[in-house]
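Read through the structure below, which is laid out as structure tokens, and then see the notes.
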Amino acid sequence: MTTDAMSAREPSGASGRAHYAEERHQVLVQTVRSQGRLDAGAMAEQLRVSTETIRKDLLFLERQGLLRRVHGGAIAVEDLAFEPAVSSRTSNEAEKRRIAQAALAEVPREGAVFIDAGSTTTMLAELFPADRELTVFTNTLTIALALVNRPRLSVHTLGGRVRARTFAEVDNWAVRALSEIRVDVAFLGTNSISSERGLSTPDESEATVKRLMLAAARRRILLADHSKHDRTSLFKYGNLSDIDLLITDDGLSEPDTRRLEAAGLKQVIRT
């Protein structure tokens, strides 16, 4: 066998052209597992094939349960169920604080509001104004404790089982409380937001509570930094059309913003 013939049979690896589908599949799976996600365009350039070829590869790998396709690429299957503890969510802290500060402009002068569990919503609670008469409902003990010493606020928690990972109250008592209240504004958090799948979270019990929060609010405001975009978790709880306003940071690009709005999101503010 000639040297040229032998070279044609050798796997080229991630840095060269992957001639065979099996080679590309191996590179794609290794990439998404090591990096958590991959960009279809970048992989097409790296492997010297068309973007359409990569899309077909990703479709095949998704059907094998090896990854999950999202707009523009794919994410690791493990990401669907992964949920970091709220106390450990220190990434994008500056962006989250800007989002929380921008959300202050949406706090009404009177009436009732809801503040959901989450690291960005916790920052909102820490900055929350103390100069107005408001009834505040929350499903999070730490947020209630941050607000309880403001004498003009009436602070209520939903009750129910407290999840250690997020400090969120869930299950029957929380569900019952949400069925009996109606608030003017809900400030919501999310694990994942996608133009294809909407809003989702890794935990089924939190998904149930979040779904009821959407129904209990006259106006619904989502606080989510750009890292939550184009991600998918196990349990969907809402559509983009359910959200009146997304407050995010400038890490969300203009094309991504337009894509979310085309999928039903009413308004986006980038801080």
Side-chain angles (χ1 to χ4, degrees), residues 1-85 88-89 91-92 165 190-204 206-207 224-240 248 251-265:
M1 183 180 293
T2 66
T3 301
D4 289 344
M6 291 178 64
S7 298
R9 290 177 177 270
E10 291 175 355
S12 56
S15 60
R17 179 166 184 164
H19 295 278
Y20 304 109
E22 292 83 357
E23 293 177 26
R24 296 195 306 273
H25 294 169
Q26 183 178 11
V27 172
L28 293 171
V29 171
Q30 288 174 345
T31 300
V32 80
R33 285 180 176 172
S34 63
Q35 300 180 12
R37 63 187 298 115
L38 64 79
D39 179 87
M43 294 306 301
E45 183 177 350
Q46 180 177 325
L47 297 175
R48 302 179 189 175
V49 295
S50 69
T51 304
E52 183 60 29
T53 295
I54 295 296
R55 290 197 184 105
K56 291 178 180 177
D57 288 340
L58 295 179
L59 178 61
F60 172 81
L61 294 170
E62 183 179 50
R63 288 172 175 169
Q64 304 303 309
L66 296 172
L67 49 75
R68 176 66 178 266
R69 290 182 304 146
V70 296
H71 180 81
I75 61 174
V77 175
E78 292 84 353
D79 279 1
L80 298 177
F82 177 68
E83 182 181 23
S88 68
R89 298 177 195 174
S91 60
N92 303 317
R165 185 163 291 276
T190 192
N191 294 85
S192 307
I193 177 172
S194 163
S195 56
E196 297 175 347
R197 187 166 164 78
L199 308 172
S200 56
T201 188
D203 184 78
E204 184 177 14
E206 287 211 30
D225 69 86
H226 71 277
S227 68
K228 307 295 178 63
H229 174 253
D230 209 8
R231 300 182 69 88
T232 302
S233 297
L234 277 173
F235 298 99
K236 178 179 177 178
Y237 64 88
N239 299 312
L240 293 183
T248 185
L252 185 71
S253 69
E254 284 284 0
D256 287 336
T257 300
R258 290 194 294 271
R259 194 173 296 114
L260 290 172
E261 290 175 336
L265 192 62

Residue pairs passing the ring-ring contact (aromatic ring centres under 6.0 Å, His included) test where at least one lies in residues 49-70, sequence neighbours excluded: His25-Phe60

For a side chain to side chain contact (heavy atoms under 4.5 Å, CB included) check, start with the C-alpha distance between Val27 and Met43, then their side-chain angles and the critical distance, and finish with the verdict. CA-CA 9 Å; Val27 172; Met43 294 306 301; 3.8 Å; yes

Sub-4.5 Å side-chain heavy-atom contact between Glu206 and Arg165: no

Output for pair (Leu199 CG, Lys228 NZ), nearest 0.5 Å, gives 11.5 Å

With sequence neighbours left out, write down each residue that passes side chain to side chain contact (heavy atoms under 4.5 Å, CB included) with Asp230, or none if nothing qualifies. Arg37, Val70, His71

Would you please name every residue forming a salt bridge (Lys or Arg N to Asp or Glu O under 4.0 Å) with Glu261, sequence neighbours left out? none

Interatomic distance, OG@Ser192 vs CD1@Ile75, rounded to 0.5 Å, equals 7.0 Å

Shortest non-hydrogen pair, Ala74 vs Leu58, comes out as CB-CD2, 4.1 Å

Straight-line distance of Arg231 CZ to Thr190 OG1, nearest 0.5 Å: 11.0 Å

Determine whether Leu260 and His229 satisfy the following criterion, side chain to side chain contact (heavy atoms under 4.5 Å, CB included), listing intermediate values before the conclusion. CA-CA 9 Å; Leu260 290 172; His229 174 253; 3.8 Å; yes

Would you say that Thr53 contacts Leu47 through its side chain, given a criterion of any heavy-atom pair below 4.5 Å between the two side chains? no

Checking Ala207 now: which residues fulfil side chain to side chain contact (heavy atoms under 4.5 Å, CB included) with it, not counting sequence neighbours? Thr201, Arg211, Phe235, Tyr237

Please enumerate all residues that pass salt bridge (Lys or Arg N to Asp or Glu O under 4.0 Å) together with Glu254, with sequence neighbours excluded. Arg270

Can you confirm whether Leu240 sits close enough to Ile193 that some side-chain heavy atom of one is under 4.5 Å from a side-chain heavy atom of the other? yes

How long is the straight-line distance from OG of Ser195 back to CG of Asp256, given to the nearest 0.5 Å? 8.0 Å

The criterion is side chain to side chain donor-acceptor pair (under 3.5 Å); which residues satisfy it with His226, sequence neighbours excluded? Asp249

Partners passing salt bridge (Lys or Arg N to Asp or Glu O under 4.0 Å) against Arg69 (at least two apart in sequence or in another chain): Glu62

Whether the side chain of Thr248 engages the backbone of Ala224 through a donor-acceptor N/O pair (distance < 3.5 Å, no angle test) should be reported. yes

My understanding is that only residues two or more places apart in sequence, or in another chain, count here; which of them pass side chain to side chain donor-acceptor pair (under 3.5 Å) with Thr51? none

Residues in salt bridge (Lys or Arg N to Asp or Glu O under 4.0 Å) with Arg258, at least two apart? none

Taking the side chain as C-beta and beyond, is there a heavy-atom pair between Leu59 and Arg55 under 4.5 Å? no

How far does CG of Leu38 sit from CG of Leu28, to the nearest 0.5 angstrom? 6.0 Å

Under the ring-ring contact (aromatic ring centres under 6.0 Å, His included) definition, can you give me all pairs with a residue in residues 32-53, not counting sequence neighbours? none

Side chain to side chain contact (heavy atoms under 4.5 Å, CB included) against Asn239, all qualifying residues, sequence neighbours excluded: Lys236, Ser241, Asp242

Take a 6.0 Å sphere around CD of Gln30 and say whether it holds more than 12 heavy atoms from other residues, nucleotides or ligands. yes

Say you draw a straight line from CG of Asp57 to CD of Gln26; how long is it, rounded to the nearest 0.5 Å? 13.0 Å

Tell me every residue that passes side chain to side chain contact (heavy atoms under 4.5 Å, CB included) with Lys56, counting only those two or more places apart in sequence or in another chain. Glu52

